[in-house]
Every structure is written in C-alpha cells, then in structure tokens.
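Chain letters run A, B, ... following the sequence lines, proteins first, then strands; residues in each count from 1.
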There are 2 protein chains.
Amino acid sequence: MTEPKTQGPAVSTRAAKKQARDGKGNATIYDIAKVAGVNPSTVSRALSKPGRVSAKTQKLIEDAAAELNYRVNPFARALPTGRTNTMGLIVADITNPTFFDIIRGAETTGTARDYTLVLAESAESAETELTAARRMLTTADGLILASPRMDDDDIRALAADKPVVVINREVEGVPCVIPDVRKGIGEAVRSLAANGHKKLAFVAGPARSWMSARRWEGVQAACEWSHVDAVRVESTKPTVDGGRQVARDVLATKATAVLTYNDLLAIGLMQELQAGGMVVPDQISIVGFDDIFGADFTTPPLTTVRSPLGECGSGAATVLLDVLHGGKEPTAPLRVETELVLRGSSGRLLPPS
Amino acid sequence: MTEPKTQGPAVSTRAAKKQARDGKGNATIYDIAKVAGVNPSTVSRALSKPGRVSAKTQKLIEDAAAELNYRVNPFARALPTGRTNTMGLIVADITNPTFFDIIRGAETTGTARDYTLVLAESAESAETELTAARRMLTTADGLILASPRMDDDDIRALAADKPVVVINREVEGVPCVIPDVRKGIGEAVRSLAANGHKKLAFVAGPARSWMSARRWEGVQAACEWSHVDAVRVESTKPTVDGGRQVARDVLATKATAVLTYNDLLAIGLMQELQAGGMVVPDQISIVGFDDIFGADFTTPPLTTVRSPLGECGSGAATVLLDVLHGGKEPTAPLRVETELVLRGSSGRLLPPS
DNA sequence: TTGTAGGCGTTATCAC
DNA sequence: GTGATAACGCCTACAA
C-alpha cells in the first residue's frame, strides 16, 4: 500500500493476511492451548462458560487468547450446538417507514445482547415471506415476524421449529407483541366527536392485515360509544399512492373526518384532497396511524394514532432472546399502548361559507 | 409430545420435531447417500457442483434429496469453505431514511443472487462502526459500508481481510460507489442563479463525512461558474433538529438561497424559518440533498438534488458479489448520476414589500 | 479441575 | 466418475 506500484491492492494483501500465523488462518483454541500449556477442551470451557475452570488457568488462557487475537469461529461453534447468536427479522416492505423503527428497535436490543440481526423483506407476499422465513430459520436462532402476511398455521409451523415472535398480529400459541389500539383510537374519535364530527370514514388496509381488522373494530367501537357514524372504505394498497387513489371514494361517503389504516394513506389522501382544493382540517379532518417518520412534515402536520414501533421491535427482540436463553414463552401477548398525537390535520369543521 | 396434554405449545412441539427422522435432526448427505446407494462424497459433489457426476447418479441423488427434504447445513458448509452466502451492511443510522433505499437495494440484489443481508448500525460512531464491521467480517463473506465514518486505513484493513465495498465515499484501493454530485449541484445552482439569487449558503454535514466535503466543493465550483457567492455554515448534526438549530446562522449570512448537506437539514431549516414567519421560496429558497422519503411531504415540497440511493445499494451489492464470485475488483469507483428534482421550495426571490 | 476422544455436516484430496 | 478419508474448529460426555 505504501509502495509506489499499487496494482491490485486489496486482493493481494488479503491473500497475504490469510497466510499469517504459520500459514494457517485465524488462531484456534488449539493454538491457545499450546501457548497456555493446557488442553484444548480446557480452553473451550474457559472461553464459553467461565467458572468451570480454576482462576489461574482461566487467566492463563485469557491472556493467551488476547495475545493471539483469538476470536471464535461462529460456524465451528454452530455446528455442534446449532446456535448462531443471530436473529432473523422479516418485514413486508423495507422502504415502508413503519418498519424502520421496528428494525432499529430489534437491532439495538439485539446488539446489546450480542445478537446479530439478519434482515429480509417479503415484498408484501405471503409466499415470499414463508420462503424467507424458512431460509432464515436454518441459520438464525429465532425469528421476528413484523406484520406477517402468511397464514396462522404457517407461522405456527415455523414456531414449532424455532422460537418465533410476531409483531402487529395475534397468533394463538405464538408469542406476540401488539399495540393495543383501543386507547389511541378512543382518544382520536372522542377528539373528532368533540369537534362536531358526526360521520367518520375508515380507510382500511390490506385484506390480509390482521392489524387493519383490529383498527376497524376499534373505530367501530369508539364511534358507537361517541355516537358517530362509521363507514369503511377499501384501499388498493397501504401507500401514499393508495391514499391518493382512495380520495374519491372517501369524498363519496360524505364523511367529515377520516381515519386511515396508516400514515402513508393519510398523507396521500391529504395531498389529493388538497390538490382538489379542499382545506384540511377546515373542510375535512384527517387522522393517520403509526406516527411514522415524516408524519409531521406535512402541512398541516398529521394528527395520528401513534404506535410505539421501536418499542415493538425491541420488545419482540427481548421476548425472543429471553426464550432463547431458556426463558418460558410468554403465554399472553405483550401489549404496548397507543396514543393520539394531536397535530394540525384534525380539528373543528368550518361551516361552508 | 403428541399426547393430549399440550401445555407449553410451541416449546414441546419443537422438541418433538427435532426427534424426527430416527432421532436425528435434519437429513444429511449421509442419509441421501444411503437412499441413493452412493458415497456421501458423491452426494456432496452432485449437490454443490452439478456436472462432476454422471447424469444417472445425479438424478438418483436429487430424487433422494427431495424425498428426504434435504437442506444443506450452512454451518457445516461454512466450516471448511469459510463461505456463508451472507453479506454485511453497516449504516450510520438505521432510522435515517437516506439509508432505507440503500438497504433495500442491497437486500434485493443480494436475495436475487441467493445472499442474505446482515444489518448493523454504527450510531454515527467511528468506533462502533469498526467494531461492528470486524464482527460482521467473521461471519459474512463481504461487507458494504454506507457512508462510513471510520478512517481510510481502518477501511483498508478490513478490505485486506475480505471484500469490502464503500458507498458515498472514495477510499483508495477499495471498490466504491459514489454519486457524482457535479451534475445535480450544477443544475441546482444554475436554477437558483437563473432565479436571481446572488448569494447562496451551504449547510455542511458532519465533519467526518467525505460526502459533505464533496458537496461543498461542488457547490463552490458551481457557484463560481454561475457567479454566485457561496458561504459555508456548519451544522451540529445532519438531522431535522440540526436543521432547525442552524436556521439562525443561515439567516445571519444574508443568503437568499440555501443548499443543505441533506434533506433532513433542509426540512428542519424550512420548518424553523417558516415558524419564524418567513415565506419559502418567496423570501428564501431551500434545496436539499438526496430526495429521501418524505421530501415531498412538506409545503412547499422540497426541491432537492437526488442521489440514486437504491442504485447505490444494489450497485454496491453487485460489485461485492461479483468480486466474491471471482471477479476482479473494479479499479475505478462506480459513479452514479445525481439530478435536480425541482419542486416548490426553490424559486424566484420576491422583492420585499 | 483437567485431559481424552468422538462427533457435528460438509468439502477437498487423494486413490481407484 | 466414484469411493475412502482427512480436515474444518469447536463442544461435550466421560474418564482420570
């Protein structure tokens, strides 16, 4: 590198490096054993379960390991044990910001406990999802499924193999982390009712989405309680574009307030309505779901029912790791709370002038 | 296990499953060999490199494998070969949408070539980044570093071990994928100049960011060409919040147009300026960088210099996989083009009324 | 407490 | 073209 003629730089060095330490690759427990003057199995014990070895030898071995810059070979370890210190996470759509916080939450708590996160995307397809899940389970110690689209039975089949935790959906017999939508939706509907709204439209999400069904139930219940009419509108896809497309149907309902399956739909819907000359919230109130990144970029900023996504991700990871470490599988779903984030896109209806 | 009392559901079933196939775990090439009546090593050959075995035996083996529902054990395979069909990706901040598209691009092209993506975050710390990178390299076949913060030498050290590809930064001797900022910045500055702007402020990114330096250079060059004054303003962090904080300094420059290191800064800056009563773009034009998710949520929607992030991710993955498959390391950086996305946050300056 | 020996599932290097 | 056999690096009874 420091020499004049730097031709194929990295490649050649790579080969050289491999040849270090007497022509072998990385240091092994055998090398440590030799240096420390003990048996390889003692090294193994000292390095995996401290305490099963005398303090003296322990130190001897640790020093030798440090000196040789030893690092375990994960594959060699995985072969007999099957454990890889790895957890898989499958999301429906990597670019959907809903999952960003989930990913981060899982990654952070995983890393904190020395687990690596392996990520895959299902592209909103139940089939791709199952394939990815199967593939991951061959190498990962456990799996987190965020808003899975596959059947309950498929999920249970996976869970029968290795620990699985589901986010945003309840599957009997499998540990789940689910936002409890009632509080947040209740707050949203009450706020809308207090502002004089009598009819509310709910823009639903994907048909296979368990969460969409729960949210619709929650909306109906809250509306009944607050004496508000609730009508349901179907969307084509849970994206900004889907929100634009559904605008026409929403208007047709004559509802003065809209609650959408997620923020993306809300943002698209708002854009389309505003483009059509409507004033938000003077002529129509819009409330989203999740409080994703960017929800407050809009004008007016989006009122939304926040799901603590990061908490879901870290909660799922925690449950998974606990089970992996011999803990019992939680029998009841881990519920996290939702809350209304009141911003500018909802409010009092202005009388038509 | 198959008995009536199914208490802890998943757990117990899991144990049962493990016991299938004569008490052993999954089918191995030995099982296949037995069924097909050949030697295990022949099975190995047939399954890994088709063609080294007679067509007849090949079929025999494949049938047996299918029947036994055989799947390779990645660890066993990795042990002798060291290959894992895995590539690592390290990003500075998982929740920064700049990286979303990069992640997706890498994941998609990786999956297409049967590689799994392993993800880690450095939390904007050079140290954490290096640690994560080292850890990944023990298990992954190669590494993609997106906007790395560590030293060039550290990167080269990693690259000396296994193939590494860098995104958003140029490191001598290491394959890189970098957006060429000149075109996009040129378009932006010319557009601003055409709208009568005479003085432009550039809000810089992190001091360690290679990209920030390139963008500042590009801005200076383009401004010189267009006879526009360019002044540089430092930011505390490349986030929405950082954008808000820098607003005061930006105003102090008396510049009528601002180009920020990234969209996040631009959005925060715009929010703060608007909160202070300024009208964008009538009183000040704002142009961001990257065209991240949500850049068009703002009012006015953000004008920005788009970097093809997804392309960067998939390009990096492609380069990495090519090298992994025996290709030569590209000697020159892979350059992708930037372009101005003209939206509402930039335009003609209105005379003070 | 420590050493011995066998195995985890695959690939690679030989012979045949 | 195919079969035997030795690694690969670590774990874990079992024995000492």
Considering all heavy atoms, the nearest [X]-[Y] contact:
X: B:M136; Y: B:A120; answer: CE-CB, 3.6 Å
X: B:L143; Y: B:L89; answer: CD1-N, 4.3 Å
X: A:V118; Y: B:L117; answer: CG1-O, 3.6 Å
X: A:G88; Y: A:A140; answer: N-CB, 3.7 Å
X: A:L324; Y: A:G142; answer: CD2-N, 4.5 Å
X: A:L47; Y: A:I32; answer: CD2-CD1, 4.1 Å

Which whole-number value in Å describes the distance from [X] [atom1] to [N] [atom2]?
X: A:I32; N: C:dG3; atom1: CD1; atom2: C1'; answer: 17 Å
X: A:D31; N: D:dC8; atom1: CG; atom2: P; answer: 11 Å
X: A:K34; N: D:dG9; atom1: NZ; atom2: P; answer: 12 Å
X: A:N39; N: D:dA13; atom1: CG; atom2: P; answer: 16 Å

Which angle, rounded to 10°, do you find between the first-five-pair axis and the last-five-pair axis of the helix from C:dT1-D:dA16 to C:dC16-D:dG1?
30°
Side-chain N or O of B:S54 closer than 4.0 Å to phosphate OP1/OP2 of D:dG1:
no
Heavy atom of residues 131-139 of chain A under 4.0 Å from DNA chain C: which residues?
none
side-chain contact (heavy atoms from CB on, under 4.5 Å) involving B:R71 - partner list, sequence neighbours excluded
A:R134, A:T138
Reading 5' to 3' through nucleotides 10-16 of chain C, protein heavy-atom contacts under 4.0 Å coded B for base, S for sugar-phosphate only, - for none
BBBB---
Verify side chain to side chain donor-acceptor pair (under 3.5 Å) between A:E127 and A:T131, making sure each step is shown before the conclusion.
CA-CA 6 Å; A:E127 195 181 350; A:T131 308; 5.8 Å; no
Can you tell me which residue pairs pass the salt bridge (Lys or Arg N to Asp or Glu O under 4.0 Å) test with a partner in residues 312-326 of chain B, sequence neighbours excluded?
B:R113-B:D322
Please report the C-alpha distance between A:I167 and A:I144 in whole Å, then the side-chain angles of each, then the deciding distance to 0.1 Å, and finally whether the side chain to side chain contact (heavy atoms under 4.5 Å, CB included) criterion is met.
CA-CA 7 Å; A:I167 295 178; A:I144 299 175; 3.7 Å; yes
What residues form a ring pair (Phe, Tyr, Trp, His ring centres under 6.0 Å) with A:Y70, not counting sequence neighbours?
none
Given DNA chain D, 5'-ward residue of the pair B:L79 and B:Q58, judged by closest heavy atom:
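First, find each residue's nearest nucleotide; the 5'-ward one identifies B:Q58.
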